[in-house]
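All remarks here apply to the structure that follows.
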Amino acid sequence: MPTHATFIPLSETELSEQFGDDQEGLRRYRLLQSVLAEGKTQREAAELGKVSERTVRNVLRAYTHSGGLQALRSRQPTSRKRDRRPAAFERALADALADTPGAGGDTLWRRAQELLGEDGAKLSRRTAYRILAQIRADPEDDDAPDSLRGSVKAALPLLTEDPPLTLAGSALAQRFLPAELDPLPRGTLIQQALRAALDRLRPAGPISTIDRSWWPYLICTGEYEAGQSRAELQDDLALSASTYSRAKRQGLDRITAVLPQIVERIVESPVALAIQQLPRTPDFIGRREEQSYYAWRLQSEGIAHIWGLPGSGKTALAAELAADGHRYGQTILWHSCRPGRDSTLLGIIRGLASALAAAGDDVLWRELRETPADEQRADALLATLCEQLKARPSVVVLDDIHHADEQQTDVLLDALADLVVRRSSRLLLVGRDPIEGVEYPPLHGLIEREAARLWAGAPSLPFEQWRALFAATGGMPEPIRRAAAGYRRSGDLARPGDWAAEVNSWASETIWSRLGEHERRLLAAAHALDGQPWAEQSARVLKALDLPADLLRAVCRRGLLYIEGARVVLFGALRADAAAQLRAEGELRARAVGLAADLGAVPALAQPDLASAAGPAGDEIRADGAPMPSGLELLARVRNALEDSAEYLQEQSGDQARQLARELAALQAALPDLTGPRLPFPRPATGAAAP
């Protein structure tokens with residue numbers, strides 16, 4: 001008795017997947033099932049199937065010899081039959097499968113019928129199951145997630161993300177790029193590499209949809225760059241599902257093959273890495289109003305200028321604006337004018353050229369590399385730069401513009417301003433000093449509730465110490481961060497007034513050391529006259545000190561002094577340096593005493609520096625330079641007596657009492673308030689508690 005292969009009956013779904021529309025194959029399967037599964041004789045099976053017994057024997061012999069159901073199928077090649085099936089059915093089922101990959105066969109069949117509309121009735125369940133089985137059988141989706149090809153396939157759908165932060169966390173980025181690289185440059189570099197690999201797929205010559213060599217490129221760019229669906233591309237290219245899958249698989253294989261070399265070349269280019277790393281501040285805080293203001297000016301006028309004292313957070317704010325530009329698809333070209341060659345005209349052009357090269361346009365960069373340094377002409381290179389910017393609208397960011405050589409960079413700024421007028425580019429300038437002809441307010445410090453967030457993680461300060469720190473720094477982020485870092489290092493050993501030394505050091509290093517002689521003399525005199533109403537008599541003060549008539553305006557514009565009514569207030573962090581200047585220059589101190597006498601006021605030479613504001617009063621100086629440790633207490637008693645007397649007189653009737661009360665109130669306002677620190681700039685009440 002012949003031994004037959006093991007027979008396992010199939011369900012209707014499995015039959016549809018195995019035989020599809022092959023009616024002859026299904027008839028042979030029914031004969032086989034009758035004999036092997038139902039136990040019928042060959043004659044009974046022949047009578048049931050209306051065939052001869054010889055046919056039944058031939059079916060049993062074929063199944064026994066081949067050991068499988070493939071022998072029951074019709075001899076007609078499956079590929080031909082698949083090629084003849086309606087392309088509309090394939091597209092509808094492929095689209096349904098792409099929308100809901102985990103759905104069952106019946107759900108996909110009904111969804112395909114909906115997509116087909118009136119022709120949906122022509123798609124039988126059996127045909128739908130057969131087409132779905134063949135689509136799913138394509139090896140396109142068999143990649144292991146941890147394989148390089150699987151990583152490429154997972155990353156390509158994220159190609160159009162802007163900014164590419166999700167792409168930065170993909171398996172592909174983790175495979176090729178260092179972990180310490182920030183998310184934005186990581187995602188940007190992988191994005192550039194994938195687009196370069198896609199460009200490698202493009203054949204030479206004009207696009208042709210009937211040339212099969214173009215199909216991998218058109219399919220991959222259509223799906224991953226243009227966002228077209230598989231059904232749309234199949235219809236546009238007139239391809240069957242199998243041909244489409246095969247062409248897409250070829251494209252993915254070629255992208256996977258060339259990508260490692262492309263990424264290696266980009267990673268090894270220091271220019272690309274340096275340009276893509278915008279100097280963003282990880283703990284950027286606040287500045288929402290300022291950010292909106294500069295973004296509006298940049299959008300409406302095409303140019304913006306962020307300037308102010310060191311430590312005010314200019315670069316951090318500019319980097320946030322640049323990051324927002326990335327999100328809106330703008331090309332950001334960032335160059336920092338560091339002292340030296342980077343601040344010359346050629347240096348700035350070189351920096352912008354490298355930024356353009358990192359963004360995919362290396363015309364100017366190649367010209368710079370191929371031209372010897374002694375033969376490089378700034379005017380010709382600038383012309384090339386402008387042509388590139390006309391073709392590729394960008395936002396040009398020039399940081400630390402105060403370091404740039406004015407004579408050399410005037411021509412650059414004129415050229416960029418011309419592009420701004422043409423709406424071809426936008427220009428963001430960042431520096432410490434104002435620029436003539438560009439009217440922008442200086443960037444002041446943070447408001448108190450935002451500045452308090454910078455103290456997070458550091459030991460808490462008593463409320464009066466926090467207010468003194470905030471007053472001294474004016475809310476500037478950098479000195480507050482430096483002071484907070486010092487308290488974190490000291491831990492429990494930190495004393496409440498330790499911040500004063502840190503702020504004094506920062507102010508001396510970043511501000512006072514960069515001031516000219518005239519500016520220092522004016523600030524020292526302002527410290528000596530602190531609290532006195534001399535703003536309206538500033539011309540007399542400047543003349544007495546032998547200082548330029550326009551110096552006060554320039555110093556106030558930079559935020560070193562602030563005019564508040566009739567008073568001139570010194571930036572709090574500079575008081576220690578101003579007091580030291582007074583102690584060192586007897587002639588300046590004598591002039592300050594003479595000015596105080598001429599103005600009819602007591603010179604405020606006993607004003608505390610930061611250290612005295614932070615703790616017990618230290619030795620101060622009198623008009624003759626001698627120590628006066630009790631001066632603060634005396635002034636405080638006089639001020640309190642004047643205040644009490646004014647309140648008493650206001651309760652009395654009579655013109656003389658009211659006149660005397662007004663006079664006492666004016667004297668009281670003219671004296672320095674020693675009950676607590678005074679803010680160097682007017683701030684809205686926030687009610688913020690000490691950190």
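Index from 1, following the sequence.
Taking a cutoff of 4.0 Å between a charged side-chain nitrogen and a carboxylate oxygen, R567 and E564 qualify as a salt bridge. Ion pairing between a basic and an acidic side chain is recognised when a charged N comes within 4.0 Å of a carboxylate O; E517 and R521 show no such pairing.
When the side-chain hydrogen bond (donor to acceptor under 3.5 Å, both in side chains) test is applied to E450, no partner is found at least two apart in sequence or on another chain. When the side-chain hydrogen bond (donor to acceptor under 3.5 Å, both in side chains) test is applied to E519, the partners found at least two apart in sequence or on another chain are R558. Remark: R297 pairs with E301 by the salt bridge (Lys or Arg N to Asp or Glu O under 4.0 Å) rule, at least two apart or across chains. In this view, D550 satisfies the side-chain hydrogen bond (donor to acceptor under 3.5 Å, both in side chains) rule with no residue, not counting sequence neighbours. Remark: R488 pairs with no residue by the salt bridge (Lys or Arg N to Asp or Glu O under 4.0 Å) rule, at least two apart or across chains. Residues satisfying the side-chain hydrogen bond (donor to acceptor under 3.5 Å, both in side chains) test with R423, not counting sequence neighbours, are none. With sequence neighbours excluded, no residue forms a ring-ring contact (aromatic ring centres under 6.0 Å, His included) with Y440. Among residues two or more places apart in sequence or in another chain, the salt bridge (Lys or Arg N to Asp or Glu O under 4.0 Å) test is passed with R287 by E290. Qualifying salt bridge (Lys or Arg N to Asp or Glu O under 4.0 Å) partners for D400, counting only residues two or more places apart in sequence or in other chains: none.
Taking the six-membered ring where the residue is Trp, Y293 and W296 present tilted rings, their angle falling between 30° and 60°.
Each salt bridge (charged side-chain N to carboxylate O under 4.0 Å, His left out) pair with one or both residues in residues 531-542, not counting sequence neighbours, would appear here, but there are none. Under the salt bridge (charged side-chain N to carboxylate O under 4.0 Å, His left out) criterion, the residue pairs touching residues 500-515 are R482-E502, R482-E509, with sequence neighbours excluded. Pairs engaging residues 409-418 under the salt bridge (charged side-chain N to carboxylate O under 4.0 Å, His left out) rule: D418-R422 [sequence neighbours left out].
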